[in-house]
Structure formats: structure tokens, C-alpha cells
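A, B, ... follow the sequence lines: proteins, then strands. Residue 1 opens every chain.
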Protein chains: 2
Amino acid sequence: MKLTEAEWQIMNALWQKHPATAREVMDRLPAGVNWAYTTIKTLLTRLVEKKAVTEAKHANTSVYEPLVSQQKARLNAFRSLLDQAFDGAIGPLVHFLAEEKQFTAKEKKELARILESEAEDKGE
Amino acid sequence: MKLTEAEWQIMNALWQKHPATAREVMDRLPAGVNWAYTTIKTLLTRLVEKKAVTEAKHANTSVYEPLVSQQKARLNAFRSLLDQAFDGAIGPLVHFLAEEKQFTAKEKKELARILESEAEDKGE
DNA sequence: AAGATTCTACTACATCCGTAGAAGGCGCCA
DNA sequence: TGGCGCCTTCTACGGATGTAGTAGAATCTT
């Protein structure tokens, strides 16, 4: 289940609170994304076809609900990135993050801390 | 500079060793990617247009060289993922990784260790 | 030097993606 | 009851992407 960029916008809005109507989704899109209402509808329809979302009618209005969890979608996206850009392994990503000045020491420390504690929990 | 999936394959092969000819790139594509020679050429041409790669002629054969470093491309991809799927912040990614059972404790520990040491180096 | 091999440039084409307009249906308000 | 406004479904369309064929030029091979 690969989402396109535009579809991510929709899903992000939908995950925020659902079920939701197309108009609600529209209102929750980030400022700067000024799509026509029908654009949202088109995207939602495509997402329904893709089985990423369900559609239910209430009176004459469709109400949408995510079928794919945010966690799952994130995992897919993360894996794809790993496969595509980091040889499919966490090692190279780690390396990259370590090299990367773009992230603050604080961010890195936080990441490290959480991962560390997680690792402890599971015991090696 | 956004690379498409197919383009990543080419770039990955090119970063491995360069300059390289189209045929060399072809030979280095992962098993399972069995594209026609002309497909590779098309992709390389598009990458040249995008200025992600340079092309130089040696006799009648083109030799290609990446113009965009792997590090840079990775950063772009990583940032895109962050923006698209993780609210543009490292925090949610951290959370996600922590939740995610998909990664072994070992991987997490490694990630943690490297990030930790990096953070130390820079001092907070 | 002729045939085989390999390149290159160009063209092609189906599908996907972003983005939306048009036209018709339904409920609400004056 | 005639609009007004919102909803729906269908259709569209240009540009990006994946994937490759063709034809002619250059080069190697014997």
C-alpha cells in the first residue's frame, strides 16, 4: 500500500480525527494546500479504491474512515525509504544520521535515549 | 532534486563506482532488476536533464558521473519522508521507531550507540 | 573490408498523479 | 416553490514515470 504525496495529505487529515467527511478533511489540510473540494473527493475515491479508506453514506453525504493505520503506513514508508535509499538496512541509515549535521545533538540524543531504553526492555 | 524509484536504482549503481558507462551501471543493478539497456539509457538521460548526473563522451561512448552526492540525496529523501509521514519532525519518528517491533533490539542499540556518541562529540 | 556487436539519439506508449470542471440531485430558507 | 448552497459522480487533461523498440553510426573481429 503505497501512498502518493497528495494521498498522504489526505490521510494525515483523516487520521487526525475520523470518521470525517470530505469537507472536514478539506478544512484540516495544512494551510498552503488549497485544493478544490472535488480534488479532495477524487483523492478520497482513489484511496477507497486502494482500500486505504472506507466510505459510508449518511444521508447523501459520504463519511470516510481510514482502513490503514498511521503506524502501518509509516512503517511502509519507512521501509521503502530504507530499501530505496539506504540499502535496505538500518546500518547505513544510522551512519547517515550520525554524519548529518542537519539534526541537532539534542534530537540525536533524544532518539538515542528512546531507542536505548527500548532495547533494554527487550533485553538484547 | 527528487529522484523517482527507478532513478534511485540507477543512482545507487552509479554511486557504487564512477564514472561509469551505461553498461556498467546495468551490470551493477541488483539482481531482479532486468531492464533493457535502452531503459537504462533513458533513465540516465533523464538524470542528466535533471542535473543529477553529468555525461561525458569518450570516443562514442558516454560516461556518467553523479553530480548529486549520495549523502545529499539521502538527506532529501529523509527530509521528504519526515515531512510527509512524520509531521516534519524527528520526534514522531523517534516515537514510531520506539513502538516498532520490526526492528531488532540489536538494531536499535546500534542506532542508539552511534547517535549517542555523536551527540557526546558535539556536546549537547 | 564485411559482418557482428555495441552505442547513441529519437520516438512511443500505457499508466499514474495532481488537479479540477461540469452537470445533476437534495435539502433548507424566504 | 424557487433559489442557494452543498453533495455526488463522471470526465478530463497535461505532465511524470516505467519501460522499451527502432534505426542508424561507430567499432571490433576475423
Side-chain angles (χ1 to χ4, degrees), chain A residues 1-14 18-65 73 76-77 80-81 83-85, chain B residues 1-14 19-65 68 73 76-77 80-81 83-85:
Chain A
M1 194 45 12
K2 188 116 183 134
L3 301 174
T4 71
E5 256 178 64
E7 287 168 352
W8 269 98
Q9 297 288 167
I10 302 290
M11 292 306 287
N12 283 334
L14 200 51
H18 52 89
T21 65
R23 188 141 310 262
E24 286 166 340
V25 165
M26 187 170 176
D27 293 340
R28 278 191 232 125
L29 289 176
V33 177
N34 297 313
W35 291 332
Y37 177 81
T38 50
T39 299
I40 320 270
K41 282 290 286 181
T42 301
L43 267 327
L44 279 167
T45 300
R46 288 184 186 165
L47 283 165
V48 169
E49 279 158 15
K50 276 191 178 182
K51 303 215 194 298
V53 160
T54 37
E55 181 175 13
K57 292 263 186 203
H58 272 219
N60 88 324
T61 302
S62 286
V63 176
Y64 302 88
E65 183 97 27
N76 279 326
S80 290
L81 179 69
D83 287 346
Q84 179 158 87
Chain B
M1 194 42 14
K2 187 118 187 133
L3 301 175
T4 71
E5 242 176 285
E7 287 168 352
W8 269 98
Q9 297 288 166
I10 302 290
M11 291 306 288
N12 282 334
L14 200 51
T21 64
R23 189 145 306 268
E24 286 165 341
V25 164
M26 185 170 178
D27 292 339
R28 278 190 233 127
L29 289 176
V33 177
N34 298 314
W35 291 332
Y37 176 82
T38 50
T39 299
I40 320 271
K41 282 290 285 183
T42 300
L43 266 330
L44 280 167
T45 300
R46 288 183 186 168
L47 284 165
V48 169
E49 279 159 15
K50 277 193 180 180
K51 305 216 194 296
V53 160
T54 37
E55 181 175 13
K57 293 261 187 203
H58 273 218
N60 88 325
T61 301
S62 286
V63 175
Y64 302 88
E65 183 97 26
V68 175
N76 279 326
S80 290
L81 179 68
D83 287 345
Q84 178 157 89

*Is there a side-chain contact between A/Asn76 and A/Leu3, using heavy atoms and a 4.5 Å cut-off?*
no
_Within-4.5 Å side-chain heavy-atom neighbours: B/Ile10 and B/Trp35_ = yes
_d(NZ, A/Lys41; C1', D/dT8) in whole Å_ = 6 Å
*CD1 of A/Ile40 versus C1' of D/dC7: gap in Å, rounded?*
14 Å
*When you check the phosphate oxygens OP1 and OP2 of C/dG21, does a side-chain N or O of A/Tyr37 lie under 4.0 Å from one of them?*
no
*Which residue pairs pass the salt bridge (Lys or Arg N to Asp or Glu O under 4.0 Å) test when at least one of the two sits in residues 19-39 of chain A, sequence neighbours left out?*
none
*Give the rounded distance in Å between these two atoms: OH of B/Tyr64 and P of C/dC7.*
11 Å
*asked:* Rounding to an integer number of Å, can you tell me how far B/His58 NE2 sits from C/dT8 C1'?
replied: 16 Å
*Taking all heavy atoms of B/Leu14 and all of B/Ala20, pick out the closest pair and write down the distance.*
CD1-CB, 3.8 Å
If you look only at distance, which donor and acceptor atoms sit under 3.5 Å apart when one is on a side chain in residues 48-59 of chain B and the other is two or more places apart or in another chain?
residue: B/Lys50; atom: NZ; partner: B/Lys2; partner atom: O; Å: 2.8
residue: B/Lys50; atom: NZ; partner: B/Glu7; partner atom: OE1; Å: 2.6
residue: B/Lys50; atom: NZ; partner: B/Glu7; partner atom: OE2; Å: 3.3
residue: B/Thr54; atom: OG1; partner: B/Glu65; partner atom: O; Å: 3.3
residue: B/Glu55; atom: OE2; partner: B/Ser62; partner atom: OG; Å: 2.7
residue: B/Glu55; atom: OE2; partner: B/Tyr64; partner atom: OH; Å: 3.3

*Within a strict 4.5 Å, meaning less than it, do heavy atoms of the A/Val25 and A/Thr21 side chains meet?*
no
*Report the distance from atom CE of A/Met26 to atom C1' of C/dA20, rounded to the nearest whole Å.*
12 Å
*Heavy atoms under 4.0 Å is the rule here; annotate nucleotides 10-19 of chain C 5' to 3' with B where the base is hit, S where only the sugar-phosphate is, and - elsewhere.*
-------SBB
*Would you mind reading off the distance between B/Leu29 atom CG and D/dT19 atom P, rounded to a whole angstrom?*
11 Å
*Over how many whole Å does the gap from B/Ile10 atom CD1 to D/dT19 atom C1' extend?*
12 Å
*Report the distance from atom CD of B/Glu49 to atom C1' of D/dT17, rounded to the nearest whole Å.*
13 Å
*asked:* Is there a side-chain contact between B/Arg23 and the phosphate of C/dC7, meaning an N or O under 4.0 Å from OP1 or OP2?
replied: yes
